[in-house]
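Within every chain, numbering begins at 1; the chains are lettered A, B, ... in the order of the sequence lines, protein sequences first and strands thereafter.
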2 protein chains.
Amino acid sequence: MHQKVVETEAAIQAAFIALLQTKAFEKISVSDITKLAHINRGTFYLHYVDKYALLDHYENHLIDQIQDYFTNDFEGTMTYQSVKENGVYTYPVVQKTVGFIHQEFALWQVLLGLNGDPRFELKLKRIMKQAISNGLDRVKGDISVTRCIPEDYAWELIISGMFTIIKTWLREDDPQNPEAIADIMMKTRFLSPYDLLGIKD
Amino acid sequence: MHQKVVETEAAIQAAFIALLQTKAFEKISVSDITKLAHINRGTFYLHYVDKYALLDHYENHLIDQIQDYFTNDFEGTMTYQSVKENGVYTYPVVQKTVGFIHQEFALWQVLLGLNGDPRFELKLKRIMKQAISNGLDRVKGDISVTRCIPEDYAWELIISGMFTIIKTWLREDDPQNPEAIADIMMKTRFLSPYDLLGIKD
DNA sequence: TTTTAAAATGAACACGCTGTTGATTACGAG
DNA sequence: CTCGTAATCAACAGCGTGTTCATTTTAAAA
């Protein structure tokens with residue numbers, strides 16, 4: 001691949017991320033991007049058909065990483081791993097997933113942030129649910145989601161709990177390190193809202 | 001107020017909600033709205049300065065209802081009320097809040113839906129946190145959010161748990177009745193993710 | 001180094017949506 | 001019935017879009 005292409009696409013990505021930190025995706029024009037990236041507007045269209053293709057490109061880039069890991073390297077992911085210094089075990093899946101996000105933090109930040117794409121979050125949630133379903137089937141045989149509340153409500157609560165942790169992480173001014181987040185995810189598995197509030201009823 | 005104004009604004013609202021069911025807010029043009037509402041494009045601008053003012057108007061309408069209730073009628077809201085047929089008690093706050101939403105279901109549906117406004121959800125979350133904080137202070141004196149995970153993560157988890165229930169409700173093809181939702185909200189106070197999955201570790 | 005193919009530029013185009021204007025018509029409350 | 005408010009219609013400049021074509025720049029191959 002031509003080196004110039006790499007440069008240009010990097011400039012576009014940097015400009016795109018910078019703009020998404022300040023305004024909503026739909027309010028960003030191709031002109032905005034190319035001005036900030038110091039390239040000609042026409043050049044943009046040599047790389048992407050429109051700004052939606054740009055968004056898709058980044059989203060798929062991130063999704064593919066996770067998707068690949070979930071479908072290929074899934075053996076042993078739900079078993080406990082080495083003891084951490086604070087005495088908490090961590091699943092490899094959790095560690096890996098948090099690691100993926102940490103690797104491209106700025107991109108995850110804007111795509112899951114206030115100016116991001118709600119549909120991206122939805123896609124990810126579906127993937128997560130599938131992965132957890134599969135993981136549970138493999139490790140323990142007889143899991144049945146509680147009948148105490150409707151099953152789809154239970155699933156939504158579980159998945160969006162994990163997303164809440166990730167999104168809180170991404171919104172922090174001075175973000176925690178990945179290990180701390182993995183730790184939080186492992187701990188919250190056992191915490192109900194009342195536990196979180198510190199209420200002992 | 002002129003009757004014609006009421007008609008026109010009702011037509012605008014109906015068109016706006018209908019459009020938000022099919023495409024993202026930012027992709028909706030004033031022309032779209034006025035065409036669907038069978039009014040002249042110029043007429044729209046006699047009522048709202050732009051489509052953002054329209055969005056604000058509806059959001060504030062909903063927020064004010066809840067805000068008013070939280071700040072004025074808050075006495076006794078966190079005490080248990082009459083026993084329901086299935087043996088579950090419900091807080092009046094929960095009942096009232098779910099009731100508010102049920103009253104203008106279609107509007108809540110689109111504003112908190114996939115094509116809605118993430119900032120609206122954020123505003124509501126802040127209000128909810130404030131209300132819960134106040135409520136806890138009043139009813140029980142010595143609540144301290146768990147130190148097991150960082151406090152802001154705990155709060156985010158609690159609040160977005162409640163929002164998850166509401167949003168799941170709003171997305172259902174054949175939505176549950178309000179009582180069922182209030183019931184779910186009361187029950188999930190005690191349920192951790194592992195409880196929800198039916199795992200007994 | 002020179003050649004050559006790919007990549008980026010700059011200017012122009014029609015199109016669609018915006019928000020505003022001013023003149024005109026429709027209509028409902030009194 | 002009448003008067004004032006509300007809605008309509010046509011026109012306006014401004015801006016972003018996506019596409020074009022000729023031109024210039026640039027990196028890699030000869």
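Just one of A:Phe100, A:Phe120, A:Trp169 meets the ring pair (Phe, Tyr, Trp, His ring centres under 6.0 Å) condition when paired with A:Trp108; it is A:Phe120.
Taking side-chain N and O atoms only, B:His47 has a distance below 4.0 Å to OP1 or OP2 of D:dA7. Contact between the side-chain N/O atoms of B:Thr43 and the OP1/OP2 oxygens of D:dT8 is found at a separation under 4.0 Å. Phosphate proximity of C:dG16 to B:Ser29: absent, as no side-chain N or O sits under 4.0 Å from OP1 or OP2. Taking 4.0 angstrom as the limit, B:Asn40 places none of its side-chain polar atoms (N or O) nearer than this to OP1 or OP2 of D:dA7. Applying the 4.0 Å criterion to OP1 and OP2 of D:dA7, one finds that B:Thr8 has a side-chain N or O inside that range.
Ion pair A:Glu59/A:Lys123 flagged as a salt bridge, since at least one NZ, NE, NH1 or NH2 atom sits closer than 4.0 Å to an Asp/Glu carboxylate oxygen. Using a cut-off of 4.0 Å between Lys/Arg side-chain N and Asp/Glu carboxylate O, A:Asp32 and A:Lys23 are scored as salt-bridged. Looking at A:Glu121 and A:Lys167, a side-chain N of the basic residue comes within less than 4.0 Å of a carboxylate O on the acidic one, giving a salt bridge.
The interatomic distance linking A:Glu26 (CD) with D:dG16 (C1') rounds to 13 Å, in whole Å. Distance A:Ile28 CD1 to D:dC15 C1': 17 Å, rounded to the nearest Å. Spacing between atom NE2 of A:His38 and atom P of C:dT9 amounts to 12 Å, rounded to whole angstrom units. Regarding B:Lys51, its NZ atom lies at a distance of 7 Å from the P atom of C:dT18, rounded to whole Å. As rounded to whole Å, 11 Å separates atom P of C:dA8 from atom CE of A:Met1. Taking atom CD1 of residue A:Ile12 and atom C1' of nucleotide C:dA7, one finds them 12 Å apart after rounding to whole Å. The separation between A:His2 atom NE2 and C:dA8 atom C1' is 11 Å, rounded to whole Å. Between A:Lys35 atom NZ and C:dG10 atom C1' the separation is 15 Å, expressed in whole Å.
A:Gln109 and A:Gln21 share no donor-acceptor pair across their side chains, judged by distance under 3.5 Å alone.
Looking at the side chain of B:Gln3, the nearest of the listed nucleotides C:dA29, C:dT18, D:dG18 is C:dA29. Proximity note for A:Ile39 (side chain, C-beta onward) versus D:dT17, C:dT9, C:dA7: the nearest is C:dT9.
Looking at which nucleotide of DNA chain D each of A:Lys4 and B:Lys4 is closest to, the 5′-most match is held by B:Lys4. Comparing A:Arg41 and A:Leu46, the nucleotide of DNA chain C nearest to each residue sits closer to the 5' end for A:Leu46.
Looking at heavy-atom distances under 4.0 Å, B:Val30 makes contact with sugar-phosphate atoms alone, never a base.
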